[in-house]
Amino acid sequence: MAIAILVGRNEVEQQTYNWFTQGWKRALLSFNPDLDVRTWPNLGNYADIDYVLVWNHPLGILKKFTQAKAIASLAAGVDHLLVDPDIDHHVPIVRIMDPFMATDIVQYVTAYVLQYVKLVSHWALKQQQKMWFKQPPFTLSNKIIGIMGLGHLGGKAAHVLHQLGLKLVGWSHSPKTITGMTHYAGKAQLHEFLAQANVLICMLPLTKETKNILNRQTFAQLPKASYLINVGRGEHLVEDDLLDALASGQLSGACLDVFRHEPLPFDHPFWSHPHIIVTPHIASVTNPETAAPQVMENYRRLLAGEELLHRVNLRKGY
Ligand SMILES: NC(=O)c1ccc[n+]([C@@H]2O[C@H](COP(=O)([O-])OP(=O)(O)OC[C@H]3O[C@@H](n4cnc5c(N)ncnc54)[C@H](OP(=O)(O)O)[C@@H]3O)[C@@H](O)[C@H]2O)c1
């Protein structure tokens with residue numbers, strides 16, 4: 001019986017994220033110092049390993065864990081895991097659903113919604129110009145905030161933004177009732193949702209259906225000069241379509257935490273675009289200390305033959 005931790009697709013990523021691997025190892029051993037926790041590439045005999053913990057693991061390796069009884073994503077998303085063609089669909093996959101992570105991403109989203117709504121960069125510019133520019137609009141808090149994806153994270157963001165007095169619309173796969181929000185579901189209601197969203201926040205998982213969803217057609221359905229916040233995944237966004245929408249004024253700005261290529265290449269136009277805010281995928285980073293209890297609870301359940309927590313629906317892809 002042993003647990004394997006695999007973080008990073010290649011050697012560079014493995015070194016870059018060694019702090020994450022070691023953080024997980026420490027957190028698991030603090031539960032039980034007798035656990036056999038192995039980290040890539042020092043895995044010993046693969047047949048010993050019954051629980052595989054991954055974040056952007058080396059592709060093609062999963063088929064070697066012939067005795068694995070479960071695979072756990074060390075993050076909320078599982079797109080990094082489901083791209084592996086070698087996944088044995090009989091082995092359950094679980095993911096992290098950590099309230100601390102949810103708080104983190106909600107704080108991020110709230111911060112960037114408020115910087116837009118409260119015109120933070122506008123007032124900063126007026127200060128630079130030494131201008132006492134007391135003219136409306138003083139706030140854009142009458143604008144409508146649209147959240148795509150109302151699961152563990154998007155649902156919490158909706159709750160907090162509603163508490164702040166903002167008007168909300170939401171969109172997800174299945175119908176829901178959420179306090180303070182007009183809700184739309186499925187492709188048939190996407191247009192109605194988009195047509196109202198002055199701020200569009202993407203909190204979707206990356207699946208076949210949601211890949212490239214932030215595209216030219218989507219932007220064209222938003223009210224003129226809307227603002228985009230993407231904390232989902234980089235592959236939700238068609239990057240050239242964003243640049244075109246900003247150039248035409250269809251979008252007034254964007255705050256992006258996730259990118260098609262991470263790290264964002266040095267010469268990428270997003271870095272220096274005057275209307276794009278770039279952050280390095282930090283909206284919510286899994287904290288091994290807060291997330292380890294659920295990973296260990298699943299290991300206990302695994303060994304006891306009990307139902308696992310936070311199972312991923314492989315058919316839906318999230
Ligand atoms: N930037 C960061 O640091 C960071 C950190 C953590 C997570 N994330 C991203 O956030 C994503 C969401 O996490 P979560 O824990 O909230 O996921 P979740 O609980 O699985 O919720 C996903 C939501 O998306 C909706 N959805 C999925 N496919 C859809 C489709 N085709 N059309 C419409 N709605 C769809 C689901 O609808 P139903 O409710 O109807 O099923 C659900 O409301 C993760 O997958 C990850 O990519 C980013």
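These values consider heavy atoms only, across backbone and side chains, with no hydrogens, waters or symmetry-generated copies. As the structure lists them, so they are numbered: ligands from 1, and atoms in each ligand from 1.
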Ligand 1 contact on H152 by region, counting heavy-atom pairs under 4.0 Å: both
S284-ligand 1 polar pair, N/O distance under 3.5 Å: yes
Atom 41 (O) of ligand 1: the protein heavy-atom neighbour that sits closest, reported with distance to 0.1 Å: Y318 OH, 2.6 Å
N/O separation below 3.5 Å, G151 to ligand 1: yes
Nearest neighbour in protein (non-hydrogen) for atom 39 (O) of ligand 1: K176 NZ, 2.6 Å
Protein heavy-atom partner closest to atom 15 (O) of ligand 1 - residue, atom, separation in Å: R95 NH1, 2.8 Å
Positive for side chain to side chain donor-acceptor pair (under 3.5 Å) with N56, one of R9, E13, Q14, E262: R9
Distance-only N or O hit between ligand 1 and G149, under 3.5 Å: no
Any L200 side-chain heavy atom under 4.5 Å of L214 side chain: yes
Region of H173 engaging ligand 1 - heavy atom pairs below 4.0 Å: both
Heteroatom distance test (S174, ligand 1): nitrogen or oxygen, under 3.5 angstrom: yes
For atom 13 (O) of ligand 1, the protein heavy atom that lies nearest, with its residue and separation: L153 CD1, 3.4 Å
No-hydrogen, no-angle side-chain donor-acceptor test under 3.5 Å, Q189 and H183: no
Part of V285 within contact of ligand 1 (heavy atoms, under 4.0 Å): neither
Protein heavy atom at shortest distance from atom 43 (O) of ligand 1: L150 N, 2.9 Å
Distance-only N or O hit between ligand 1 and I105, under 3.5 Å: no
Polar atom proximity, E209 to ligand 1 (N or O, under 3.5 Å): no
E209: partners by salt bridge (charged side-chain N to carboxylate O under 4.0 Å, His left out), with sequence neighbours left out: none
Under 3.5 Å: N/O of W171 near N/O of ligand 1: no
